[in-house]
Number of protein chains: 2
Amino acid sequence: MQPRPARGERRVEALSRARIVQAAIALLDDGGIEALTFRALAAGLATGPGAIYHHVANKDELLSAAASDLLRTAIDGAAADGSDGRGVREVMSRVFITVTEHPWVGRHLAAAPWQPAVLQLLDRVGSELTALGVPQTQQLDAASVLVFHLLGVAAQRGAASQLHEMTEGRAAFIAEATSHAQDLDPGQYPFLEQVGPQLAAHDDEQQFNAGVDIILAGIAAGSGTTPDRPAPDFERRSR
Amino acid sequence: MQPRPARGERRVEALSRARIVQAAIALLDDGGIEALTFRALAAGLATGPGAIYHHVANKDELLSAAASDLLRTAIDGAAADGSDGRGVREVMSRVFITVTEHPWVGRHLAAAPWQPAVLQLLDRVGSELTALGVPQTQQLDAASVLVFHLLGVAAQRGAASQLHEMTEGRAAFIAEATSHAQDLDPGQYPFLEQVGPQLAAHDDEQQFNAGVDIILAGIAAGSGTTPDRPAPDFERRSR
DNA sequence: ACCTGAACACCGTTCAAGT
DNA sequence: ACCTGAACACCGTTCAAGT
């Protein structure tokens, strides 16, 4: 029989869902999503792979739990601030940082966008928008586009870490893609070639925040007296 | 020896990259991403799994090629129209439809956002914005937020098809999530409960287009001279 | 009730052997 | 050069057997 260690001198901590999730996060943080294996996890926890299934239903649930852990602290850590757009900006920014520091979270977010943590984010963003005075009829669309923006960026972050594990691989990638395009057909990506210098110079976080700003500006523009909008007027630039 | 069928009466078509991609799309369209297997693909092509590797490097490349096939026709099929926002709207809308009709494309887009087809979309959107008169300094940010929006929606579409394979599973899901939240803590998702009726009633495509409209409005607002609107003008943070 | 770890059913990918 | 398909190295997951 297994002697229960007395005097609280437990050599082996009891298996628990919390410990499993913690170990999973550790594996994911170095090694990415393909480093999370039930075998590796079990080895780290000094047990067999089957034991884990007594605490987690399957790998998807484990991934969601791990991602949720980090996302919740990011979301809850943002101070509510309904006076201007700062509340929304802070939640968005905090989640972006989480997704950047843990690219596997981004990957899982993009792979399973309906997990509770995303709902929580959508709810939080929506509440902020309500406090900002966005009309009721537009709150859902407005909150959705913000969350979709985040999901898209999350996907990019999650994949970026895979590309040769370079943090700054994007510029090199663009260069490669552009040059590859030139092999096939010079000028296939005219716009990207045009903004090439900006591409090489820009910062991902800055670009993300710029996107949030654009969306917020659009929400603010739509919040005014609503016409039967055919299209936002771009016309004023010509002339 | 294998008799080469004369008179062009080939019983078995020669293996080719095009045929492989075509067969892959067929497998993906019914059965989703987990139906695409080198064994199943080989069986359908009446050959062994190894033969495929003579024409495609690996599964990722095969998936990208299949997705690219559909995305290119969606992107190229959109008529350029620089006069108002219609050009951008049409490309975005066409890709949305593709991603809706082939959810596996959405999944792969979210999983591999840097594939050439996405670059092509970014380039196309950027070109449209240039034609719209968006200032040079804002073109990249503007194009990016549109593409990120699309990637986020693509992720949602890709995952939605997995949830019990119901097209309208979203409402049920929200209801479930909300009720589940009530088990834990009534009012955990106050915003979602508030917009509940809109959630149940809304159409995904409509919501996507509304997001595009919001972003375009934000781009237009940033492009022109700032209107003196005091009320909902969230102060733009200077990076 | 919880743990163990061998075994099952499946993958993507490789490679000697054929043609 | 292209094909073949058995074999390899790995998965997630299950389950009889233990405690």
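In this text the structure is predicted, and so the values were computed from the model without any measurement. For the numbers below, each heavy atom of this structure counts, side chains included, while hydrogens, waters and symmetry mates do not. To find a chain, count down the sequence lines: A is the first, B the second, and so on, and within it residues start at 1.
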Aromatic ring proximity B:F38/B:Y53, centre distance under 6.0 Å: yes
For DNA chain D, which residues in residues 50-65 of chain A have a heavy atom at a distance below 4.0 Å? A:G50, A:Y53, A:N58, A:K59
Please give me every residue in residues 34-44 of chain A whose heavy atoms get under 4.0 Å of an atom in DNA chain D, ordered by residue number. A:L36, A:T37, A:F38, A:R39
Scan [range] for pairs that pass salt bridge (Lys or Arg N to Asp or Glu O under 4.0 Å), counting only residues two or more places apart or in two chains.
| range | value |
| --- | --- |
| residues 60-76 of chain B | B:R17-B:E61 |
| residues 20-38 of chain A | none |
| residues 92-110 of chain B | none |

Trace of the side-chain contact (heavy atoms from CB on, under 4.5 Å) decision for B:L150 with B:F208: CA-CA 8 Å; B:L150 191 44; B:F208 171 75; 3.7 Å; yes
List the steps, then state whether side-chain contact (heavy atoms from CB on, under 4.5 Å) holds for B:T100 with B:D204. CA-CA 10 Å; B:T100 296; B:D204 277 342; over 6 Å; no
Go through it in stages, so that I can follow the logic: the residues are B:L71 and B:Q120, the test is side-chain contact (heavy atoms from CB on, under 4.5 Å), and I'd like the CA-CA distance, side-chain angles, deciding distance and then a yes or no. CA-CA 9 Å; B:L71 288 173; B:Q120 201 187 338; over 6 Å; no
Of all heavy-atom pairs between B:I75 and B:A117, which one has the smallest distance, and what is that distance? CD1-O, 3.8 Å
Residue pair B:A159 / A:P113: nearest heavy atoms and the distance that separates them: CB-CD, 3.2 Å
Hey, does A:I215 have a side-chain heavy atom less than 4.5 Å from the side chain of A:H149? yes
Wobble G-U and Watson-Crick pairs count when both distances are under 3.5 Å; given that, what is the 5' to 3' dot-bracket string of DNA chain C, with | for pairing to other strands? ||.|||||...|||||.||
